[in-house]
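Just below is one structure, and these are the notes that go with it.
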Amino acid sequence: MNCGEGIDTRLIEELFINLDPIQAGGRLSADAMKAVLAYGDGYSVCDNCEKPFRLDCIKKPPLARFHDELAKFLNMDIARLVPGARRGFQAVADTVVGKGDPVLLTAFSHYTEFLSVEQAGGVPHEVPANDANIITADAVASRIEEVTRSAGKTPALLYVEEVDYQYGNLHPVQDIARVAHQYDIPVLCNGAYTIGIMPVDGKDIGADFLVGSGHKSMAAPAPSGVLATTSEWADTLFRTTQVKGDITGRTFGVKEVEMMGCTLMGVTSMGMMASFPHVRERVKQYDQHLSRCNRIVDALCSIEGTQVMSEYPRKHPLTRMNTTGSFDKAAKTNKKKGFFLISALRERGITGIIAGSTKVWKFNPYGITEEQARYVADMFLEIAREEGLPVKSG
């Protein structure tokens with residue numbers, strides 16, 4: 001079965017329990033699947049577009065209302081849909097960072113955050129993590145002082161991950177933002193792994209700018225995301241065009257410069273909106289999702305030689321494991337070498353771990369059921385016993 005010449009039908013979610021670290025929160029809801037079929041044509045949401053001809057003003061389908069609901073959901077004043085979190089980073093950097101301005105990022109900042117700084121002409125400076133792989137407010141304060149002395153001015157912007165992509169650790173954004181604001185530095189909170197997964201209150205954590213990923217954490221098609229801000233920054237970030245054609249005299253209404261006019265023209269915006277009621281409800285069950293993750297981590301840690309490298313007990317389902325002393329030992333004698341683990345898992349209907357990884361690897365069980373969590377935990381233990389690895393009882 002295929003979707004056209006050379007395009008196989010993707011059946012990962014139908015055939016497997018998928019533990020892929022970046023795919024768990026992006027599985028579409030049933031309503032989003034329907035929206036993909038109904039609004040798959042390029043400019044499908046533009047059927048009833050009227051003045052001022054902007055995505056966030058379209059009333060049918062109710063995209064205008066959706067934008068308002070997103071802002072309320074995040075406890076921010078205004079929100080826009082963007083083609084992925086990276087476009088949110090880019091919009092903010094282009095707004096507040098000037099050529100040569102120092103900018104603070106962290107040891108866990110995504111490469112797209114660095115690229116947004118580079119594109120704006122800024123100079124990146126990293127805040128190091130502590131021994132527990134946490135970015136602390138004290139470390140931020142220290143780096144602000146160091147960078148201010150060396151650059152001769154305070155950083156123009158601070159990027160901070162609420163949950164980082166390397167360890168899935170939860171960082172004290174509220175404390176960090178409080179420190180940054182003492183130096184009048186605006187804070188961009190990267191919520192790519194939290195918005196749509198767990199409760200996020202932008203004003204409570206002190207974010208001036210809040211960025212999320214639709215396709216990573218909001219059960220939406222790619223590329224999609226959200227950019228939200230406070231009333232203090234709204235007019236600057238979402239400024240409207242002022243240019244005029246020098247021959248034709250044309251002007252372009254209220255198109256927003258950093259949004260390049262409209263952002264998500266069709267299936268991405270509709271899929272994101274269709275999943276929103278589902279996403280809004282699932283964040284209320286975050287503790288259950290976390291409990292299922294900890295069940296799997298507990299099982300893994302009962303295999304002798306296995307260590308969890310992330311915070312433990314887990315505060316977020318994205319988890320980094322070190323099985324150098326367990327599964328990697330087995331890989332040395334297994335005929336499939338490092339590929340034996342993913343092969344053994346796939347035989348049991350589980351996938352998502354990078355093929356060949358038996359030393360350090362990540363997984364994310366967000367969205368699986370209690371029964372599936374028990375099954376995954378049991379299968380890791382079964383594989384360990386088959387390979388002769390000692391497993392602690394209880």
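Below, all heavy atoms of this structure are taken into account, side chains as well, without hydrogens, waters or symmetry copies.
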Item to check | Other residues, nucleotides, ligands: >12 heavy atoms within 6.0 Å of K203 NZ | outcome: yes
Review point. Is a salt bridge present between D68 and K72, judged by a nitrogen-to-oxygen distance below 4.0 Å?
Key: no
Between S29 and D31, does any side-chain donor sit less than 3.5 Å from a side-chain acceptor? no
Q. Is I205 linked to L104 within one hydrophobic cluster, defined over Ile, Leu, Val, Met, Phe, Trp and Tyr using a side-chain heavy-atom separation of less than 4.5 Å?
A. yes
Flag side-chain contact, heavy atom, 4.5 Å: P223 against H215: yes
Checklist entry - Heavy-atom distance under 4.5 Å between the side chains of K153 and P102, does that happen here? => result yes
Practice prompt. Taking only Lys NZ, Arg NE, NH1 and NH2, and the carboxylate oxygens of Asp or Glu, determine whether R295 and D298 approach each other closer than 4.0 Å.
Written response: no
Next on the checklist: For a 4.5 angstrom cut-off between non-hydrogen side-chain atoms, does P317 reach Y286?
Outcome noted: yes
| query | How about L300 and F363: do any of their side-chain heavy atoms sit closer than 4.5 Å? | reply | yes
Taken in chain and number order and not counting sequence neighbours, the residues that satisfy ring-ring contact (aromatic ring centres under 6.0 Å, His included) with H125 are none
K315 atom NZ: more than 12 heavy-atom contacts under 6.0 Å: no
(Q) Could you check whether E258 pairs with R80 (Lys NZ or Arg NE/NH1/NH2 to Asp/Glu carboxylate O, under 4.0 Å)? (A) no
*asked:* Would you say CD1 of I354 has more than 12 non-hydrogen atoms from neighbouring residues, nucleotides or ligands within 6.0 angstrom?
replied: no
* Asked: Are M76 and W233 side-chain neighbours, meaning at least one heavy-atom pair lies under 4.5 Å?
  -> no
message: Can you confirm whether the side chains of R282 and Q285 place a donor and an acceptor under 3.5 Å from each other?
response: no
So, D208 side chain and V187 main chain: donor-acceptor pair closer than 3.5 Å or not? yes
Here the gap from E161 atom CD to H110 atom NE2, rounded to the nearest 0.5 Å, amounts to 9.5 Å
Rounding to 0.5 Å, atoms CZ (R348) and OH (Y375) come to a distance of 7.0 Å
For this session: May I ask you to say whether E371 pairs ionically with R374, meaning some side-chain N is under 4.0 Å from a carboxylate O?
Result: no
Open item on the list: Within the 4.5 Å heavy-atom criterion, are F66 and S269 side-chain neighbours or not?
Closed with: no
task: Inspect the surroundings of NZ in K337 and state if more than 12 heavy atoms from other residues, nucleotides or ligands are less than 6.0 Å away.
output: yes
Please list every donor-acceptor pair under 3.5 Å in which a side-chain atom of residues 38-50 meets a protein atom from a residue at least two apart or in another chain.
from, atom 1, to, atom 2, distance (Å)
S44, OG, Y39, O, 2.8
S44, OG, D41, O, 3.2

Members sharing F252's hydrophobic cluster, built from side-chain contacts under 4.5 Å between Ile, Leu, Val, Met, Phe, Trp and Tyr, are V243
With a 4.5 Å limit on heavy-atom distance, are the side chains of F327 and N334 in contact? no
ask   = Strictly by modelled atom types, are Y183 and T148 linked by a side-chain donor-acceptor pair under 3.5 Å?
value = no
field: Side chains of T154 and D184 in contact at under 4.5 Å (non-hydrogen atoms)
entry: no
Could you give me the CA-CA distance, side-chain angles and deciding distance for S310 and R320, then say whether side-chain hydrogen bond (donor to acceptor under 3.5 Å, both in side chains) is met?
-> CA-CA 6 Å; S310 306; R320 186 177 180 124; over 6 Å; no
Is E281 salt-bridged to K284, cutoff N-O under 4.0 Å? yes
side-chain contact (heavy atoms from CB on, under 4.5 Å) with V103: of V97, V96, I185, only one passes, and it is V97
| With no hydrogens and no angle check, do the side chains of T95 and T236 hold a donor and an acceptor under 3.5 Å apart? | no
**Item:** Test item: side-chain donor near acceptor, S326 and E304, under 3.5 Å
**Value:** no
Review point. Does the distance from a Lys or Arg side-chain N to an Asp or Glu carboxylate O, for E387 and K329, drop under 4.0 Å?
Key: no
